[in-house]
Amino acid sequence: MSTHKEVKKVTTHSLIEMKKNGIKISMLTAYDYSMARILDAAGIDVLLVGDSASNVMAGHETTLPITLDNMIYHASSVIRGVQRSLVVVDLPFGSYQANSSEALRSAIRIMKETGAHAVKMEGGSEVSESIIRILTAGIPVMGHLGLTPQSIYKFGTYTVRATEDEEAEKLKKDALLLEELGCFALVLEKIPAKLATAVAKSVQIPVIGIGAGGGVDGQVLVTHDMMGINFEFKPRFLRRYLNLHEEMGNAVKAYIKDVKSGDFPSDKESY
Ligand code: KIV
């Protein structure tokens, strides 16, 4: 008899079932093998290899500089640490906006070279042609509306989106369009909670919010923010579960002290 325990993997279909059954979806970002292992083992439903890696891993001011090759490196590292979670990878800025052929090529590279399960793309009607081509190739797509950081230079600021009627109406239409095209889920970032709740009610696909209130079908946060590694970022929607910036800093200080004093390594820590 095998002692190997079968792991029930999260799929795009199980997320839709979760919405039907009123079970909230948990999603966090991951960019490397070790973090992915911890989050997956803890039971996270979805791991997003977000282009926020551009900020938190590479130290860029925006998500724009990260390349498709960079995303492929991060995603393949994450995949090696995952047994259960669904892994979704952001198509980075510049890898899908020019035309649908390029978008499809980028999505195929991600799926082929990383083993990830789906891609995420920012935008609604503007990118519909690309979404259709990618879906037609059998690649699941997660949409992303509201604050879309790849368009930060168009918006000018990271403030709450869709507070005015015109933008709210476009967002509602885009959400319906993404569902109709065949996206399996949708991220709504930094929009009024009332609007996000209405969108989540209007579609059958799961709506995962970040700064979009509690009336949606799941929540996503950037792991480095919720762990307090990235300590300067303090938006209202962020709940901090640890203060790793301070804890890790204290651990490093203790290590330096032990090395300098000769306390480390002890005889027990030597061969
Ligand atoms: O890149 C990212 O981390 C994201 C989340 C904020 C949804 O897109």
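Order of appearance sets the numbers: ligands from 1, and atoms from 1 within every ligand.
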Stepwise, does the salt bridge (charged side-chain N to carboxylate O under 4.0 Å, His left out) test hold for K19 with D217?
CA-CA 6 Å; K19 171 160 180 155; D217 309 303; 2.9 Å; yes
I'd like to check which ligand 1 atoms, numbered from 1 as shown, lie under 4.0 Å from a non-hydrogen atom of [X].
X	value
D90	1 (O), 2 (C), 8 (O)
V222	3 (O)
H144	8 (O)

Looking at ligand 1, does any of its N/O atoms fall within less than 3.5 Å of an N/O of [X]?
X	result
Y31	no
S52	yes
T29	no

Answer yes if the side chains of Q150 and D51 hold a donor-acceptor pair under 3.5 Å, and no otherwise.
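On atom types as modelled, these side chains qualify, holding a pair under 3.5 Å.
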Does a donor on one side chain sit under 3.5 Å from an acceptor on the other, for E246 and N243?
yes
Pair up each side-chain donor or acceptor in residues 224-236 with any protein partner under 3.5 Å, not counting sequence neighbours, and list the distances.
unit_1	atom_1	unit_2	atom_2	d
D225	OD1	N230	ND2	2.7

Quick test: of every protein heavy atom, which one is nearest to [atom], and how far off is it to 0.1 Å?
atom	value
atom 4 (C) of ligand 1	L48 CD2, 3.5 Å
atom 8 (O) of ligand 1	K120 NZ, 2.9 Å
atom 6 (C) of ligand 1	I210 CD1, 3.7 Å

Using salt bridge (charged side-chain N to carboxylate O under 4.0 Å, His left out), reason through E126 and K170 one step at a time and then give a plain yes or no.
CA-CA 11 Å; E126 314 78 21; K170 160 124 174 69; 2.7 Å; yes
Evaluate the side-chain proximity of I152 to L64: yes if any heavy-atom separation is below 4.5 Å, no if none is.
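Yes, side chains in contact.
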Report yes if the side chains of V187 and M142 come closer than 4.5 Å at any heavy-atom pair, otherwise no.
yes
